[in-house]
Amino acid sequence: VPVNAGKLNVLSQISGSSSDATSSISNVKLSIKNVTDTQWWNGSAWVTTSEQWLTATGTTSWIYSSPAWTNAKDYLIRSYATDTATNSETAGIGNSFTFDTTAPSSTVVNPSNGATLTALATISGTSSDTFGVSSVSISIKNTTDNNWWNGSSWVTTSEQWLAVTGTTSWTYSSPAFTNGKSYLIRSRATDSATNIETSGPGNNWTYDTGLPTSSVTNPSNGAQLNTL
């Protein structure tokens with residue numbers, strides 16, 4: 001840990017393993033590089049001088065307490081082991097990761113807020129994140145009757161979050177809506193570092209398939225008039 005090319009919002013401890021075919025492991029060292037700023041952790045501060053090698057706790061299974069990471073920075077962890085015969089491994093390329101604590105954002109595009117519609121076959125929207133959106137979910141509330149769609153029926157228990165198809169551009173097949181009812185669609189995205197968006201107020205809209213009516217008031221039906 002971390003896995004290579006991962007996106008993380010927390011990493012309190014770096015860990016790994018080592019082995020030797022003949023001798024036992026004497027110690028393991030690692031380096032922690034802030035790739036974005038070209039800095040290395042020296043055990044107490046970030047420095048720009050050169051790669052800094054730090055002693056891990058343990059040998060065949062080892063750990064190191066993480067320094068404070070900075071949001072939106074890329075890091076590289078490398079390690080090498082030394083056995084009891086003083087043979088030292090040549091450090092490999094290591095594992096890189098991005099530290100990301102910023103939540104993604106999402107928007108409901110269709111239906112638009114305040115719309116009155118006679119048909120809505122598909123709910124759609126967009127989402128974005130600097131380091132990638134992992135998933136998007138939506139809730140569909142019948143605000144007239146105070147219930148939510150759970151994917152198969154309308155329930156009154158609590159807000160129900162439904163997985164959509166797609167991420168940066170997403171869709172969801174609509175349930176059956178009822179004429180004369182008002183609805184609220186909210187969305188929230190989760191990014192590759194598992195940061196979850198705090199959902200916004202969403203889009204309110206009304207489903208209306210009822211036909212309007214009109215009547216003639218003047219002249220009245222059957223009237224006999226000499227002027228109009």
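Side chain to side chain, Ser152 and Asn150 meet the donor-acceptor criterion of an N or O pair below 3.5 Å. Between the side chains of Thr98 and Asp74, at least one donor-acceptor pair of N or O atoms lies under 3.5 Å. Side-chain N/O atoms of Thr171 and Thr165 include no donor and acceptor closer than 3.5 Å. Side-chain atoms of Ser106 and Ser127 form no donor-acceptor pair, as typed in the model, at a separation below 3.5 Å. Of the N and O atoms on the side chains of Asn142 and Thr178, not one donor lies less than 3.5 Å from an acceptor on the other residue. Between the side chains of Ser88 and Thr82, at least one donor-acceptor pair of N or O atoms lies under 3.5 Å. Looking only at atom types and distance, the side chain of Thr22 has no donor-acceptor partner in the side chain of Asp20 under 3.5 Å away. Counted by atom type alone, Glu159 and Ser139 present one or more donor-acceptor pairs between their side chains at under 3.5 Å.
Under the 4.5 Å side-chain heavy-atom criterion for Ile, Leu, Val, Met, Phe, Trp and Tyr, Tyr207 and Val108 are members of the same hydrophobic cluster. Side-chain heavy atoms closer than 4.5 Å link hydrophobic residues (I, L, V, M, F, W, Y) into clusters, and following such links, even through other members, never connects Trp53 to Ile25. Hydrophobic clustering places Tyr172 together with Leu117 (ILVMFWY residues linked when any side-chain heavy atoms are closer than 4.5 Å, directly or through intermediates). The hydrophobic cluster containing Tyr183 also contains Val164, counting ILVMFWY residues as joined when their side-chain heavy atoms lie under 4.5 angstrom apart, directly or transitively. Under the 4.5 Å side-chain heavy-atom criterion for grouping Ile, Leu, Val, Met, Phe, Trp and Tyr, Ile196 is not connected to Val136 through any hydrophobic cluster.
Side chains of Lys141 and Trp148 form a contact here, defined as non-hydrogen atoms less than 4.5 Å apart. Contact annotation: the side chain of Trp41 never approaches that of Ser31 to less than 4.5 Å [non-hydrogen atoms, C-beta and beyond]. You'll find the side chain of Lys29 stays beyond 4.5 Å of the side chain of Leu54, heavy atoms only. Within the 4.5 Å cutoff, the side chain of Ser96 has no heavy atoms near those of the Val35 side chain. Residues Val47 and Gln39 form no side-chain contact, since every pair of their non-hydrogen atoms from C-beta on lies 4.5 Å or further apart.
One finds the CG atom of Asp100 at 5.0 Å from the CG atom of Asn195 (value rounded to the nearest 0.5 Å). Ser187 contributes atom OG, which lies 11.5 Å from atom CD1 of Ile140 (distance to the nearest 0.5 angstrom). To the nearest 0.5 Å, atom CG of residue Leu30 and atom CD1 of residue Ile63 are 11.0 Å apart. Rounded to the nearest 0.5 angstrom, Lys33 NZ and Gln52 CD are separated by 12.0 Å. Atoms OG1 and CG, from Thr101 and Asn9 in turn, are 7.5 Å apart once rounded to the nearest 0.5 Å. Rounding to the nearest 0.5 Å gives a distance of 13.0 Å between NZ of Lys181 and CG of Asp208.
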Chi angles and distances behind the side chain to side chain contact (heavy atoms under 4.5 Å, CB included) call for Ser23, Thr84: CA-CA 6 Å; Ser23 304; Thr84 53; 3.3 Å; yes
Val1 and Ile14: CA distance, side-chain angles, deciding distance, side chain to side chain contact (heavy atoms under 4.5 Å, CB included) verdict: CA-CA 6 Å; Val1 177; Ile14 301 163; over 6 Å; no
Residue pair Ser15, Tyr64: steps toward the side chain to side chain contact (heavy atoms under 4.5 Å, CB included) verdict: CA-CA 6 Å; Ser15 62; Tyr64 186 86; over 6 Å; no
Stepwise ring pair (Phe, Tyr, Trp, His ring centres under 6.0 Å) test for Phe177 and Trp149: CA-CA 10 Å; Phe177 297 114; Trp149 180 248; 8.7 Å; no
Phe131 and Ser192: CA distance, side-chain angles, deciding distance, side chain to side chain contact (heavy atoms under 4.5 Å, CB included) verdict: CA-CA 7 Å; Phe131 302 107; Ser192 301; 5.6 Å; no
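Using a 30° and 60° split on the angle between ring planes, Trp46 and Trp69 fall in the tilted class, from 30° to 60°. Using bins of under 30°, 30° to 60° and over 60° for the plane-to-plane angle, the ring pair Tyr75/Phe97 lands in the parallel bin.
With Asn110 contributing its side chain and Ile123 its backbone, the two residues share no donor-acceptor pair below 3.5 Å. Proximity of a side-chain donor or acceptor of Arg78 to a complementary backbone N or O of Gly92 within less than 3.5 Å is detected. Side chain of Glu89 to main chain of Ala81: a donor-acceptor pair is present (N/O by atom type, distance under 3.5 Å, no hydrogens or angles). Between the side chain of Thr107 and the backbone N or O of Thr126, no donor-acceptor pair lies under 3.5 Å. When atom types are taken as modelled, the side chain of Gln13 and the backbone of Leu11 share no donor-acceptor pair closer than 3.5 angstrom. With Arg186 contributing its side chain and Gly200 its backbone, the two residues share a donor-acceptor pair below 3.5 Å.
When all heavy atoms of Thr59 and Ser26 are compared, the closest pair comes out as CG2-O, 3.8 Å. The nearest pair of heavy atoms linking Pro111 to Leu120 is CD-CD2, 3.8 Å. Across every non-hydrogen atom of Thr48 and Thr38, the tightest pair is CG2-O, 3.8 Å. Taking all atoms of both residues into account, the shortest heavy-atom contact from Asn95 to Asn4 is CA-OD1, 3.3 Å. Considering every non-hydrogen atom in both Ala103 and Asp129, the closest pair reads C-OD1, 3.9 Å. Between Asn113 and Gly202 the shortest heavy-atom distance is OD1-O, 4.0 Å.
Just one residue in the list Thr206, Thr143, Thr116 forms a side-chain hydrogen bond (donor to acceptor under 3.5 Å, both in side chains) with Ser182, and that residue is Thr206.
A salt bridge is absent between Asp191 and Lys7; no separation between the charged side-chain nitrogens and carboxylate oxygens falls under 4.0 Å.
When the shell of 6.0 Å around CD1 of Ile93 is examined, it contains 12 or fewer heavy atoms from other residues, nucleotides or ligands.
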